[in-house]
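Side-chain atoms are counted along with the backbone in the values below, which use heavy atoms only and exclude waters and symmetry mates. Residue numbers start at 1 and run along the sequence shown. Please read these numbers as outputs of a predicted model, since none were measured by experiment.
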Amino acid sequence: MSELVYYDLKGSASMSPSLPVQVARELGRRIVAGHFEPGSLIDDENALAERYQVSRVVVRDAVKILVSKGLLDVRRGIGTKVRPRTQWVMLDDDVLAWHLTSSPTPDFLKQLMDIRLAFEPKAARWAAERGSKEDIDGIRQAIVRMELEVGSVEGFVIADAKFHRSILKAAHNEFISAMEGVIYSAILVSVRLTNQDIAGNKNSVPYHRRVFEAIAGQDGDEAERLTIKLLSDACERLGKELGGFN
C-alpha cells in the first residue's frame, strides 16, 4: 500500500513537495528500511548533492528535516550519523508513512497493534458516551462506505481507516485524535498481509457494524468490548501471517 494513501488520509497538501522535502523523503525511506545501520555515517553533502542532482543547500535543508524527526545527528568534524530507532519521533507522519515503503518487521507491527488496543477501545466507549448526532452520522457513513468497497482492496482499507478515524473524532479527546496516524499506519502496513482476499473484507463488515450500533445505542461497555474483540482478532490474524509475534 503506497505511502501516498497515508498522506491522502491525513489530508496532507497535494502540491509537489519542495526539493529539500523530496530529498528528505528519499533518505528517510532508506533509513527506515534499514539501509543504514544505527550509528553509521551517511554520505557527505557533496556526494548526496551529486546523487540527487541538487545543491548542497538543498541537501543541508533535507538533513535538517531528518534531524528534527530524530533520524539523523550532525556532529561537526565527524559527519552525519543515523540515530537509533529509540530516538526517532515515531508519531511523526512522515516516519509512519515511510514504514509503508519497507518490509514491516513483526516487532513494529506488534507495537502498532499494542497502541491500537490501548487507545481505540476507550475511544469507542467515549464515542458512545459523548458522540453528537453529527458524529454518529459520520460513523454510519463510514460503515456504509466499507460495505460499498468490499470488492476493492485499496478502497476497502481506506474506508476502514476512515471508519476508525470517525470513532476517534466522536470521542472528543484531542490526544486520542492525534493518534490517528498510528491507526492509518497499522491498517495500511498490515493490509498487505491480511486483506488480500476480498472475502475477508465482506466478513469483517458485520463486526464493524456491531461496533457502530453499540456506539449509536450509547452503550459504552459494549462498544469498548466489541472494539477489543475486533482488534484482538485482527492482531491474531496478523500474527498468523507473520508466523507469530515474539
All heavy atoms of Ala128 vs all of Ala223, minimum pair found to be CB-CB, 4.3 Å

Just to verify, what does Phe36 make a ring-ring contact (aromatic ring centres under 6.0 Å, His included) with, not counting sequence neighbours? none

Hey, is the main chain of Val182 close enough, under 3.5 Å, to the side chain of Ser185 for a donor-acceptor pair? no

Looking at Ile167 and Ala124, what are the two nearest heavy atoms and their distance? CG2-CA, 3.8 Å

Reported CD-to-CG distance for the pair Glu154 and Leu188, which is rounded to 0.5 angstrom: 9.0 Å

Say whether Leu100 and Val5 are linked into one hydrophobic cluster, either directly or through other cluster members, by side-chain heavy-atom distances under 4.5 angstrom. yes

Leu230 versus His164: any side-chain heavy-atom pair under 4.5 Å? yes

About how many Å separate CZ of Arg25 and OG1 of Thr101, when rounded to the nearest 0.5 Å? 11.5 Å

Glu224 vs Lys122, test: side-chain contact (heavy atoms from CB on, under 4.5 Å). Steps then yes/no. CA-CA 6 Å; Glu224 182 174 2; Lys122 287 299 182 185; 3.3 Å; yes

State, with a plain yes or no, whether a side-chain heavy atom of Asp44 is found less than 4.5 Å away from one of Leu48. no

Any donor-acceptor pair under 3.5 Å linking the side chain of Arg225 with the backbone of Pro121? no

About how many Å separate OG of Ser232 and CE of Met113, when rounded to the nearest 0.5 Å? 8.0 Å

Taking ring-ring contact (aromatic ring centres under 6.0 Å, His included) as the test, write out the residues that go with Tyr6, two or more places apart. none

If we only count heavy atoms from C-beta on, is the Lys162 to Ser166 side-chain gap below 4.5 Å? no

Rounded to the nearest 0.5 Å, what separation is found between the CD atom of Glu222 and the NZ atom of Lys229? 11.5 Å

Cluster link Ile65 to Ile42, ILVMFWY, side chain under 4.5 Å: no

Can you confirm whether the side chains of Asp107 and Gln111 place a donor and an acceptor under 3.5 Å from each other? yes

Can you check whether Ile187 reaches Tyr184 side chain to side chain, under 4.5 Å on heavy atoms? no

After noting the C-alpha distance and the side-chain angles of Met146 and Arg209, does the key distance pass the side-chain contact (heavy atoms from CB on, under 4.5 Å) rule? CA-CA 10 Å; Met146 288 182 70; Arg209 179 166 283 281; over 6 Å; no

Kindly compute the distance separating CD (Glu149) from CZ (Arg145), expressed to the nearest 0.5 Å. 5.0 Å

Under the 3.5 angstrom rule, does the side chain of Arg83 hit a backbone N or O of Asp73 as a donor-acceptor pair? no

Test: Glu180 and Lys169 ion pair at under 4.0 Å: no

Indicate yes or no for a side-chain donor-acceptor contact from Asp135 to the backbone of Ser132 under 3.5 Å, with no hydrogens or angles considered. yes

I would like to know whether Asp233 and Arg237 meet salt bridge (charged side-chain N to carboxylate O under 4.0 Å, His left out); could you show each step before the answer? CA-CA 6 Å; Asp233 288 348; Arg237 292 197 307 274; 5.6 Å; no

Side-chain heavy-atom pair His99, Glu3 within 4.5 angstrom cut-off: no

Show, in sequence, the C-alpha distance, side-chain angles and deciding distance for Leu41 and Thr80, and conclude whether the side-chain contact (heavy atoms from CB on, under 4.5 Å) test is met. CA-CA 6 Å; Leu41 293 171; Thr80 303; 5.7 Å; no

Beyond-backbone contact of Ile115 with Met179, side-chain heavy atoms, under 4.5 angstrom: yes

Show the nearest heavy-atom pair for residues Pro20 and Val58, with the distance to one decimal. N-CG1, 3.7 Å

Reported CD-to-CH2 distance for the pair Glu26 and Trp98, which is rounded to 0.5 angstrom: 10.5 Å

What closest approach, in Å, do Trp88 and Gly70 show between heavy atoms, and which atom pair accounts for it? CD1-O, 3.2 Å

For the hydrophobic clusters of this structure (ILVMFWY residues joined by side-chain heavy atoms under 4.5 Å, transitively), does one cluster hold both Ile183 and Ile228? no

Hey, any chance Val205 and Leu226 share a hydrophobic cluster, counting ILVMFWY side chains that come within less than 4.5 Å of each other, even indirectly? yes

Side-chain donor-acceptor pair under 3.5 Å between Tyr7 and Asp93, yes or no? no

Under a single-linkage definition using a 4.5 Å side-chain heavy-atom cutoff for Ile, Leu, Val, Met, Phe, Trp and Tyr, are Leu71 and Leu91 assigned to the same hydrophobic cluster? yes

Quick one: does any side-chain atom of Gln218 pair with a main-chain N or O of Ile215 as donor and acceptor, under 3.5 Å? no

What do the steps show when you test Val57 against Arg60 for side-chain contact (heavy atoms from CB on, under 4.5 Å), and what is the final call? CA-CA 5 Å; Val57 172; Arg60 201 170 298 132; 4.1 Å; yes

Closest contact, heavy atoms only, Arg56 versus Asn46: CD-OD1, 3.2 Å

Quick check: does any side chain N or O of Gln22 sit under 3.5 Å from a backbone N or O of Pro17, one acting as donor and the other as acceptor? yes

Answer whether the closest heavy-atom distance between the side chains of Met90 and Phe108 falls below 4.5 Å. yes

Are the side chains of Phe175 and Phe119 in contact, using a 4.5 Å heavy-atom criterion? no

Keeping Ser40 on the side-chain end and Glu37 on the backbone end, is there a donor-acceptor pair under 3.5 Å? yes

With ring-ring contact (aromatic ring centres under 6.0 Å, His included) as the rule and sequence neighbours excluded, what pairs involving residues 38-77 come up? none

Show the nearest heavy-atom pair for residues Ser152 and Asn201, with the distance to one decimal. O-ND2, 3.9 Å

